[in-house]
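Written out below as C-alpha cells is the structure these notes cover.
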Amino acid sequence: MFIDGQWVSANNGAFFDVFNPSNGEKIGEVADGDRNDSQRAIEAAQRAFGPWSGLTAYQRSEYLYRAYQLMMEHREHLARVMTEEQGKPMKASRGEVQYGADFLLWYAEEAKRVYGEIIPAPRSDQRFMVLHQPVGVVAAITPWNYPTSMVTRKVAPALAAGCTIVLKPAEATPLCAIEVFKILEQAGIPAGVVNLVTALNPVPIGETFVTNPLVRKITFTGSTEVGKILAKGAADQVKRVSLELGGHAPFIVFEDSDPIYAAKGAVLVKFLNTGQACISPNRIFVHSSIVDPFVEEFKTRVSRMRAGSGFEDGVSIGPLVDSAALQKVERQVSNALDNGAILVCGGRRLLDDNLEKGYFYAPTVLIDVTPEMLIYREETFGPVAPIITFDTEEEVLTMANDTHYGLAAYVYTHNLSRAMRMFEGLRFGIIGINDINPTAAAAPFGGMKESGMGREGGRDGIAEYLETKLGGFSV
Ligand code: ADP
C-alpha cells in the first residue's frame, strides 16, 4: 500500500493473493488492508490537503504532466501487468494505458482553467464574486475491468482541483493500481497527496470512507448495487458523491443504415473487453427489413474471433473475471434459450486448448430475444450479443428507454433528422451516432437514472471535485 509517501504493509501484516484469470495462476501478493490502514491514509490525505491545495495551479499541473510523461515511458510495462492481471489482449491494454495517461495530460492543462466568475449584483453598492475551491479529501473506489484508466480518471481531476485522495482498487486488480501509484510517486507528488489502500474485503474500507468526516467526497465506479450502498452511507454526512455504475446499452440499427457497416461496429464494441464494460451494448435492436444481412455479417465476424491469453497474437477474447461472472452469463443464455431465443453461435464455456484453467466463454449471438428474458433486462457483462428486431422508430425508442439504466446508447442511421431525434430522445448520458467510441479524456462520461450521477472527463469532470463559493461584497 502507498500511504503518506511510503510503501507499507498492512497494519495487521496480512496479504492476499492475486491471480491471472486466463490460467488461474498466482501472480502476486498484496497487502490486505483494513479499517486502520484506511483511517491512516485518510489522515495523511488530510494533512497533505492544506499544502497541496495551496500550490498554484501551475505547480499542480507540472506534477500531473510529469506523471503523464512517465506513464507513456512505461506504457509497455503497464500494459503487460494489465494483460497478466486482468486478461485483456495486449493491444487493448496498450490502448487503455494511453487512455489512462490522457486524463493526466488533459487535467494537467485543465488545472489552470478553474475560473471563477463576477456576477452583476442587484444593488449598486454590491459585488458578487464566485470562487471554486477543492472539496477536500477524496475517497475513490475503482473496478477491475479498466484497472488502470479508472485510477487516473479519478486521481487526475482530483489533484488538478487541489484535492488529496485515498484510493481503493478492486481486489481482482490491485497490481495495476500499484503500478500507477509507482508512477505518481516517481513524478514527485508530495507525501500524503495520493494514497493507495489495497484490501481483499472492500466493506470495512468503504465504511471508513463513508463514516470518517475528513472525507468530503466519494467517487465510485462499479456496480449499481454497491453504488447505492455508498450513496446511502454518504448521505449521513452529506458527502459529495460521484457514481459511475452499470449500464444496459441499446445499439439501434435503422433500415436506412448500411447493415454490414453497422454489424462491424456492433461486433467491435460488443466484444470489447469481452463484454465486460459498462458501455457494452446489451440489447442490439435491428430493423426487421435488414436483420438477415446484419446477423450474417455479425456471425461471420464473431466466428473469426479467437479466445485465449492476451499475450498471444490474434486473440481478441479474454477471460471473464471470475467463476461468478461465468455463471451469470451461462444463466442468462440458458434462460433466453428456454424462452425461445435462437442460438446463432457460441453458447458455451470454452474448455479446449488449455482454456479450462481460465474463465473463458465463447462469443455468443442470440436472435429472437424478447422482453420476457433475463438478458433483455439484466446487465450481462460478458460476450453475449442479444439481437432483437423492431419495425418503427417510435417503438424502438420506447424499448431502448425501457430500463432503469441510462449510461450509453448507440444509433446507426444515415438520416440526419432521425439521428437528432434519437440523440434527444434517448435517456442515456453517452450517445454514439454511427460511432462506437464516444469517449475521451476531454468529454464528459457518465449516466442517467441508476447508471449514476456526476461525470468524469472534460470540464464536468473537474467540477465534481470543486465547491462553488459565492462572495457578496458591499462597497
Ligand atoms: P463488480 O460487480 O463489477 O465487481 P463491484 O461494485 O462489486 O463491481 O466492485 C467495484 C468496486 O467496488 C471494487 O473496488 C470493489 O472492491 C468495491 N466494493 C464492492 N463492494 C463494496 C462495498 N460494500 N463497499 C465498498 N466498496 C465495495
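Just so you know, ligand 1 is whichever comes first in the structure, and atom 1 is the first atom listed for that ligand.
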Worksheet, complete the sentence: atom 24 (N) of ligand 1 has as its nearest protein heavy atom P202 O, 4.0 Å
Worksheet item: Quick one: are the ring centres of Y412 and F251 less than 6.0 Å apart?
Response: yes
Discussion item. For atom 12 (O) of ligand 1, what is the closest protein heavy atom, and at what distance to 0.1 Å?
Written reply: F220 CE1, 3.2 Å
Worksheet item: Does ligand 1 have a heavy atom under 4.0 Å from the side chain of W144, from its backbone, from both, or from neither?
Response: side chain
Fill in: Distance from atom 23 (N) of ligand 1 to nearest protein heavy atom, with residue and atom
V203 CG2, 3.7 Å
Item to complete: For the pair F103 and Y99, name the ring-plane relationship: parallel under 30°, tilted 30 to 60°, perpendicular over 60°.
Response: perpendicular
Response to the item:
heavy-atom search around atom 21 (C) of ligand 1 in the protein gives V226 CG1, 3.4 Å
Worksheet item: Should the pair Y405 and H248 be assigned to parallel (<30°), tilted (30 to 60°) or perpendicular (>60°) ring geometry?
Response: tilted
Worksheet item: Do protein heavy atoms approach atom 9 (O) of ligand 1 to less than 4.0 Å?
Response: no
Worksheet item: Under a 4.0 Å N-O cut-off, is there an ion pair linking E244 with R455?
Response: no
Worksheet entry | Atom indices of ligand 1 within 4.0 angstrom of G206 heavy atoms, with elements | 25 (C)
Worksheet item: Distance-only, no hydrogens or angles: does the K217 side chain make a donor-acceptor pair with backbone N or O of V135 under 3.5 Å?
Response: no
Worksheet, complete the sentence: For atom 14 (O) of ligand 1, the closest protein heavy atom turns out to be T142 O, 2.7 Å
Discussion item. Only heavy atoms of K168, strictly under 4.0 Å: list the atoms of ligand 1 that pass.
Written reply: 14 (O), 15 (C), 16 (O)
Worksheet item: Which class fits the ring pair Y63 and W52: parallel under 30°, tilted 30 to 60°, perpendicular over 60°?
Response: tilted
Discussion item. Does either side chain, that of Q39 or that of N212, offer a donor lying less than 3.5 Å from an acceptor on the other one?
Written reply: yes
Worksheet item: Can you tell me the protein heavy atom closest to atom 2 (O) of ligand 1 and the distance?
Response: S223 CB, 4.0 Å
Discussion item. Could you identify the single nearest non-hydrogen protein atom to atom 15 (C) of ligand 1 and state the distance to 0.1 Å?
Written reply: E171 OE1, 3.5 Å
Worksheet entry | Per-residue contact class, F209 against ligand 1 - non-hydrogen pairs under 4.0 Å | neither
Discussion item. By the salt bridge (Lys or Arg N to Asp or Glu O under 4.0 Å) test, which pairs, at least two apart or in different chains, include something from residues 66-86?
Written reply: E62-R66, E76-R94
Response to the item:
the protein heavy atom lying closest to atom 17 (C) of ligand 1 turns out to be I141 CG2, 3.6 Å
Discussion item. Give me each pair satisfying salt bridge (Lys or Arg N to Asp or Glu O under 4.0 Å) with a member in residues 184-195, each pair once, sequence neighbours excluded.
Written reply: none
Fill in: A170: numbered ligand 1 atoms lying under 4.0 Å from its heavy atoms
13 (C), 14 (O)
